[in-house]
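One structure is given below, encoded as structure tokens.
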Amino acid sequence: MEDRIGGNPVTWAEVADFNNCMRECGFLELPYHHSKYTWNDRHCGLRIYSKIDWTFNNGEWLDLMPSCKAKLLPEGISDHCPIKITLSDDAPRVKRSFKYYNAWAQHSQFNQIVADLWRTPIEGCKMFQIVKKLKLLKRKLSELNSQYFCNIEQTAKVDRQALKQMHEMLQTGPSNPDLQQEEHEKYQKFRESSYLGEMLLQQKSKATWLRLGDDNTGYFYSIIRHKRLKLATIQLKDDKGGMSDRTWSNCRSVPELLSRVAWPIEEREVKKALFQIDNNKSPGPDGYSSGFFKASWHILGSDITEAILDFFRNGRLLKQIFHQHCSNS
């Protein structure tokens, strides 16, 4: 709908069939670099710009050439922009930041790890204590991930193969109680590893409309690969519909924003607001998603609620939190 400037507006009815076709074929759009519109009518004055040329690929393409990019070249004497596809093996190296995964909460040690660290005595206001404890907790959760989850996808593949072999053995001795027991154990092991694997992939892909357990692994991988191709957000739309590079230019002051909040805010409203956030939504600047706070609410819920209510009362935000948002914006 936002792929045209000038002329008659595009309606959803005009593009619905096209979108359905692309989805059914498993096509993924390859994002453009340096420009957005691929055609214009070259009229002076009320010129029409439109994105009518597209580049698509699929999961097989991304498996073979994961770092391909599309670049719109100057149109020259034509009214269409040429599209150049480039292939590069030089993926940028970035330091991997902490990110919480919902599958960690399924481990038997998760609650104990969180509870033990949350009892650590820390001086300062409640908001500072929470920020400090969450920072210390990252190392413990990263260790849990390294020990039990870093190869979960490969583990699921191995468990699947082991279960398949067990089924073949049962064909030769279906009444053997030892084989039946071993098959049951391998089934339970594969069920757990495959569930955790899909849980991890679902969070990475953010495909929240699919149910776990439907063996959507291939689809999840295609969504993840496509997201990695997308460009970072470098502009925001202002209240007049224009695009601005100054992402903080329209921010109001905290007291002004708080003056619009209905008072008083109750403790149950804090929990209700947090639990309405989908578990697979993007995490905050510190790497913790809503799924973490839901899973550990019985441990840290009272502290989180106290810190949030204190913020709404005095309007003061901890400097560390503000710096996190600035550095990740």
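Every value quoted in this text rests on a predicted model; they were computed, and no experiment measured them.
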Next item on the list: May I ask you to decide if the ring planes of F56 and F27 are parallel, tilted or perpendicular, using 30° and 60° as cut-offs?
Entry: tilted
Notebook entry, point to check: Between the side chain of S290 and the main-chain N/O of D278, is any donor-acceptor distance below 3.5 Å?
Noted result: yes
Next item on the list: Using the six-membered ring wherever Trp is involved, compare the ring planes of F110 and F292 and label them parallel, tilted or perpendicular (cut-offs 30° and 60°).
Entry: perpendicular
Next item on the list: Name all pairs fulfilling the side-chain hydrogen bond (donor to acceptor under 3.5 Å, both in side chains) condition that reach into residues 166-182, sequence neighbours left out, sorted by first residue then second.
Entry: H167-E183, Q181-E185
Notebook entry, point to check: Donor-acceptor pair, N20 side chain versus A16 backbone, under 3.5 Å?
Noted result: yes
Item checked: Taking every non-hydrogen atom, the tightest pair across A105 and Y100 -> CB-OH, 3.5 Å
Margin query: Distance check, rounded to the nearest 0.5 Å: K99 atom NZ versus S289 atom OG?
Written below: 8.0 Å
Item checked: Greater than 12 external heavy atoms within 6.0 Å of K126's NZ -> yes
Note to self: H298: which residues meet the side chain to side chain contact (heavy atoms under 4.5 Å, CB included) condition with it, sequence neighbours left out?
What the structure shows: N111
Item checked: Members sharing I52's hydrophobic cluster (side chains within less than 4.5 Å) -> W39, I48
Check: Distance from Y288 atom OH to F293 atom CZ, nearest 0.5 Å?
Finding: 7.5 Å
Next item on the list: Determine yes or no for a side-chain-to-main-chain donor-acceptor pair under 3.5 angstrom, with T55 supplying the side chain and L30 the backbone.
Entry: yes
Notebook entry, point to check: Taking atom CH2 of W118 and atom CG of D116, what is their separation to the nearest 0.5 Å?
Noted result: 13.0 Å
Notebook entry, point to check: Do the side chain of K294 and the main chain of I277 share a donor and acceptor less than 3.5 angstrom apart?
Noted result: yes
Notebook entry, point to check: Hey, is the main chain of L163 close enough, under 3.5 Å, to the side chain of K186 for a donor-acceptor pair?
Noted result: no
Checklist line | Residues, nucleotides or ligands: over 12 heavy atoms within 6.0 Å of R191 CZ | finding: no
Margin query: Distance check, rounded to the nearest 0.5 Å: N145 atom CG versus N151 atom CG?
Written below: 9.5 Å
Checklist line | All ring-ring contact (aromatic ring centres under 6.0 Å, His included) counterparts of H107, not counting sequence neighbours | finding: Y148
Item checked: K138 side, atom NZ; S97 side, atom OG - distance, nearest 0.5 Å -> 8.0 Å
Item checked: Listed partners of S193 passing side chain to side chain contact (heavy atoms under 4.5 Å, CB included), at least two apart -> I152, T155, A156, D159, F190
Margin query: Holding to ring-ring contact (aromatic ring centres under 6.0 Å, His included), I want the full list of residues that pass it with Y187, two or more places apart in sequence or in another chain.
Written below: none
Next item on the list: Mark yes when over 12 heavy atoms from residues, nucleotides or ligands other than E267 sit less than 6.0 Å from its CD; otherwise mark no.
Entry: no
Item checked: Distance in Å, I304 CD1 paired with M127 CE, rounded so as to fall on 0.5 Å steps -> 9.5 Å
Check: Hey, is the main chain of K71 close enough, under 3.5 Å, to the side chain of K84 for a donor-acceptor pair?
Finding: no
Notebook entry, point to check: Does F312 belong to the same Ile/Leu/Val/Met/Phe/Trp/Tyr cluster as L274, with side-chain heavy atoms less than 4.5 Å apart forming each link?
Noted result: yes
